[in-house]
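Right, one structure below, let's go through it.
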Amino acid sequence: AKIKIKVDRGRCKGCGLCIFVCPRKSFEKEKEQNNLGYFPARWVEEYGCSGCRQCYIICPDSALEGSIN
């Protein structure tokens, strides 16, 4: 099964904690601001997801959602 992560751009404040904890380094900062003026995280699909859920656990804004294909 392949896991996909979606970042809610409207909730993410760009703290970078998901970027820091991801063992596959599957997150990066976006280059464009969201409506709140933050640079949210972006999930990079090509690096994949191991399913460790560290990003969900550490996200203070509950801005991440996952799905399994």
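This is a predicted model, so every value here is computed, not measured. Values below: all heavy atoms of this structure, side chains included; hydrogens, waters and symmetry mates excluded.
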Could you grab the distance from atom [atom1] of [X] to atom [atom2] of [Y], nearest 0.5 Å is fine?
{"X": "Ser62", "Y": "Tyr56", "atom1": "OG", "atom2": "OH", "result": "11.0 Å"}
{"X": "Ile19", "Y": "Ser26", "atom1": "CD1", "atom2": "OG", "result": "11.0 Å"}
{"X": "Leu64", "Y": "Ile57", "atom1": "CG", "atom2": "CD1", "result": "11.5 Å"}
{"X": "Cys15", "Y": "Tyr38", "atom1": "SG", "atom2": "OH", "result": "10.5 Å"}
{"X": "Phe20", "Y": "Ile58", "atom1": "CZ", "atom2": "CD1", "result": "7.5 Å"}
{"X": "Cys22", "Y": "Phe27", "atom1": "SG", "atom2": "CZ", "result": "5.5 Å"}

Grab the two heavy atoms, one from [X] and one from [Y], that are nearest each other, plus how far apart they are.
{"X": "Ala63", "Y": "Arg11", "value": "CB-CB, 3.9 Å"}
{"X": "Ile5", "Y": "Ile3", "value": "CD1-CG2, 4.1 Å"}
{"X": "Cys12", "Y": "Ala41", "value": "SG-N, 3.3 Å"}

Pairwise salt bridge (Lys or Arg N to Asp or Glu O under 4.0 Å) hits with a residue in residues 26-40, at least two apart: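 Non-adjacent pairs meeting salt bridge (Lys or Arg N to Asp or Glu O under 4.0 Å): Arg9-Glu30, Glu28-Arg42.
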Qualifying salt bridge (Lys or Arg N to Asp or Glu O under 4.0 Å) pairs, either residue in residues 47-69, two or more places apart: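 Those involving residues 47-69 are Lys13-Asp61.
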Side-chain touch Trp43/Cys49, heavy atoms, less than 4.5 angstrom: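 When only atoms from C-beta onward are counted, Cys49 and Trp43 do touch, with a gap below 4.5 Å.
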Any Leu17 side-chain heavy atom under 4.5 Å of Pro60 side chain: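 The answer is yes; the side chains approach within 4.5 Å.
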ILVMFWY network linking Val7 to Phe39, side-chain heavy atoms under 4.5 angstrom: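 No.
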Lys6: partners by side chain to side chain donor-acceptor pair (under 3.5 Å), with sequence neighbours left out: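 Lys6 satisfies side chain to side chain donor-acceptor pair (under 3.5 Å) with no residue once adjacent residues are dropped.
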Heavy atoms of other groups near Lys2 NZ, more than 12 under 6.0 Å: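 Atom NZ in Lys2 is not packed in, count stays at 12 or less.
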